[in-house]
There are 2 protein chains.
Amino acid sequence: MNNEGFVKKLNEKMTRLINKSTMVEQAMAYSLLSAGKRIRPVLIKLICEDMGVQEDLIWNPAMAVELFHTASLIHDDLPQIDDSPLRRGRPSCHVVFGNDMAILAGDGLMLMAFCVLNQTPADPVSKSMLFDLFSKSTYDVLIGEAMDVEFTGKEKDINDVIEMYRKKTGALFSFCFAIGAILMKKLEYLEKLINVGSTFGVWFQIVDDLKDVSGKDENVGKTTGRDKALGKPTVVNIMGIQEAKNFADNLYESVIVQLKSLSLNKVVDFLCALRE
Amino acid sequence: MNNEGFVKKLNEKMTRLINKSTMVEQAMAYSLLSAGKRIRPVLIKLICEDMGVQEDLIWNPAMAVELFHTASLIHDDLPQIDDSPLRRGRPSCHVVFGNDMAILAGDGLMLMAFCVLNQTPADPVSKSMLFDLFSKSTYDVLIGEAMDVEFTGKEKDINDVIEMYRKKTGALFSFCFAIGAILMKKLEYLEKLINVGSTFGVWFQIVDDLKDVSGKDENVGKTTGRDKALGKPTVVNIMGIQEAKNFADNLYESVIVQLKSLSLNKVVDFLCALRE
């Protein structure tokens with residue numbers, strides 16, 4: 001299956017997850033079924049293909065990650081947090097459904113992520129490991145988001161900001177990178193893949209910061225210039241644009257080297273395309 | 001161990017869960033470690049004792065339930081939802097830490113609940129069943145809370161309101177009542193116990209509604225008179241106080257009869273004391 005076919009089938013499966021009989025489910029579906037790029041599910045698919053995981057095991061972790069990621073975006077966009085009215089090229093959840101429903105829709109997608117993950121047709125030991133890493137990773141994402149809020153308007157050291165990126169953006173990528181090793185019981189690869197995911201997440205976040213500085217709303221699909229307006233300490237703000245670009249390039253190279261050493265070739269090809 | 005000793009040890013264990021190095025963790029600890037009655041953990045303890053579950057299996061599900069319950073209270077109390085400034089006898093989380101941190105603290109406790117549940121020292125099959133029921137139950141709680149918000153200011157049928165109570169309050173009690181059957185692999189009791197939990201939850205919610213109508217803030221530990229002020233359709237508003245009391249009495253009797261038929265005697269004693 002190519003990536004486009006995978007995303008199409010993933011979106012169909014996610015459409016069937018939510019029955020929309022209540023307003024909160026409509027809000028959940030609105031955010032989940034918007035035109036997200038599904039980078040995390042595609043990464044999971046490619047890693048699993050590279051490692052030889054059978055296809056029927058891939059869907060539930062891929063959906064769980066996208067459900068949780070969407071939940072975190074809904075809460076991040078709230079007026080009480082980042083106050084972003086635009087997401088994935090259309091009005092944010094709270095703009096359409098109100099702040100109350102957006103808070104609850106984020107909660108709902110978060111909880112549904114765990115329901116969906118637990119329906120992975122894997123053996124109980126692998127499922128328990130998936131659950132363990134998913135619950136820890138999502139908790140780290142949350143702590144990272146809260147560090148981001150706490151740091152706003154404050155002077156912060158570059159190491160604090162990178163630690164925040166590792167949690168906020170890296171932790172969920174760590175889960176994505178580690179899934180293949182868990183499902184194939186290649187536990188000797190686990191720590192390395194968790195670290196690769198974390199480093200990739202820091203790179204990904206810096207690229208996002210750079211878009212915020214120099215992108216346009218219609219290209220980026222969300223409101224740009226928010227970091228500066230909110231007084232957020234970012235790697236770009238601290239290092240300056242050029243040095244941040246160099247730093248990101250080094251992270252990216254280290255990710256590629258490690259993925260190549262594990263022969264994760266489809267993932268490498270995808271990341272090369274993603275960078276362009 | 002008596003119930004007081006259990007609650008004391010539970011509170012000590014929960015104190016050690018959160019390291020408080022970030023502001024969001026301080027907010028989580030503030031709400032979690034307030035003077036809650038810990039009714040759900042105590043119920044779990046008594047059910048497990050009645051069914052012969054070994055003690056070391058009880059703590060993690062009991063903490064997970066209290067973590068999730070506290071998370072749902074934090075989000076419920078937000079100005080965007082029920083706007084309750086008082087909880088468990090002191091200012092609500094958002095009053096002390098701000099709306100942004102309260103949203104994230106609720107998320108954090110929710111996610112930590114799953115981390116903690118997964119550390120239950122049970123076999124993988126039982127853990128997978130615990131996870132399955134916990135993720136479904138917590139999702140139902142969320143849908144129930146969102147129905148509560150959606151119903152506010154609207155004319156609603158008594159059946160809609162009871163269905164909302166079953167989800168909002170009953171679903172987590174269902175999980176509490178079912179834990180013993182899962183951990184003792186007495187799966188033939190599972191459906192009955194899930195139903196008992198759901199019925200008990202409806203009773204519990206009606207008693208809560210009655211306190212909201214006739215209680216005083218200082219006795220109830222939270223702001224009273226909110227349901228009417230918010231225009232919420234409740235069983236009490238629809239049936240009237242006396243008929244709601246009768247209805248609740250019938251639910252209570254049916255719960256006791258069923259628990260007695262399963263010889264869950266410690267639970268029966270606890271519920272009798274709770275009613276008084």
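By convention in this document, chain letters (A, B, ...) are assigned in the order of the sequence lines, proteins followed by strands, and residues within each chain are numbered from 1. The figures here come from the full heavy-atom set of this structure, side chains too, leaving out hydrogens, waters and symmetry mates.
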(request) Please work out whether the ring planes of H75(B) and H75(A) are parallel, tilted or perpendicular, with thresholds of 30° and 60°. (result) perpendicular

(message) If I take atom OG from residue S135(A) and atom CZ from residue F131(B), how far apart are they, to the nearest 0.5 angstrom?
(response) 5.0 Å

(request) Could you grab the distance from atom CG of D100(B) to atom CD of E145(A), nearest 0.5 Å is fine? (result) 12.0 Å

(request) Could you give me the CA-CA distance, side-chain angles and deciding distance for L109(A) and Y139(B), then say whether side-chain contact (heavy atoms from CB on, under 4.5 Å) is met? (result) CA-CA 9 Å; L109(A) 288 172; Y139(B) 182 71; over 6 Å; no

(message) I'd like to verify something: which residue of I103(A), D123(A), N99(A) has the highest number of heavy-atom pairs under 4.5 Å with chain B?
(response)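 The residue among I103(A), D123(A), N99(A) with the greatest pair count is I103(A).
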
(message) Looking at chain B, which one of T22(A), D107(A), I81(A), V24(A) has the largest number of heavy-atom pairs inside 4.5 Å, strictly under?
(response) D107(A)

(request) Against chain B, label M110(A) side chain, backbone, both or neither, depending on which of its atoms sit under 4.5 Å from a heavy atom there. (result)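 M110(A) touches chain B through side-chain heavy atoms alone.
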
(request) Evaluate whether atom CD of Q119(A) has more than 12 neighbouring non-hydrogen atoms of other residues, nucleotides or ligands under 6.0 angstrom away. (result) yes

(message) Heavy-atom count check: over 12 atoms from other residues, nucleotides or ligands less than 6.0 Å from K20(B) NZ?
(response)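 Count not over threshold, so no.
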
(message) Once salt bridge (charged side-chain N to carboxylate O under 4.0 Å, His left out) is applied, do any residues pair with E55(A), and if so which ones, sequence neighbours excluded?
(response) K9(A)

Which region of [X], side chain (C-beta onward) or backbone (N, CA, C, O), has a non-hydrogen atom less than 4.5 Å from a non-hydrogen atom of chain A, or is it both or neither?
| X | answer |
| --- | --- |
| L117(B) | neither |
| K127(B) | side chain |
| M112(B) | both |
| F134(B) | neither |

(message) For the interface with chain A, which of A102(B), A146(B), A105(B) has the highest count of heavy-atom pairs at distances below 4.5 Å?
(response) A146(B)

(message) Sort by residue number and list every residue of residues 147-159 of chain B having at least one heavy atom under 4.5 Å from chain A.
(response)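 Expected list: M147(B), V149(B), E150(B).
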
(message) Contact between L111(A) and F68(B) at the side-chain level, heavy atoms closer than 4.5 Å - yes or no?
(response)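 Contact flag for L111(A)/F68(B) side chains = yes.
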
(message) Is the shortest side-chain heavy-atom distance between N118(A) and S128(B) below 4.5 Å?
(response)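 Heavy-atom side-chain distance check passes, below 4.5 Å.
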
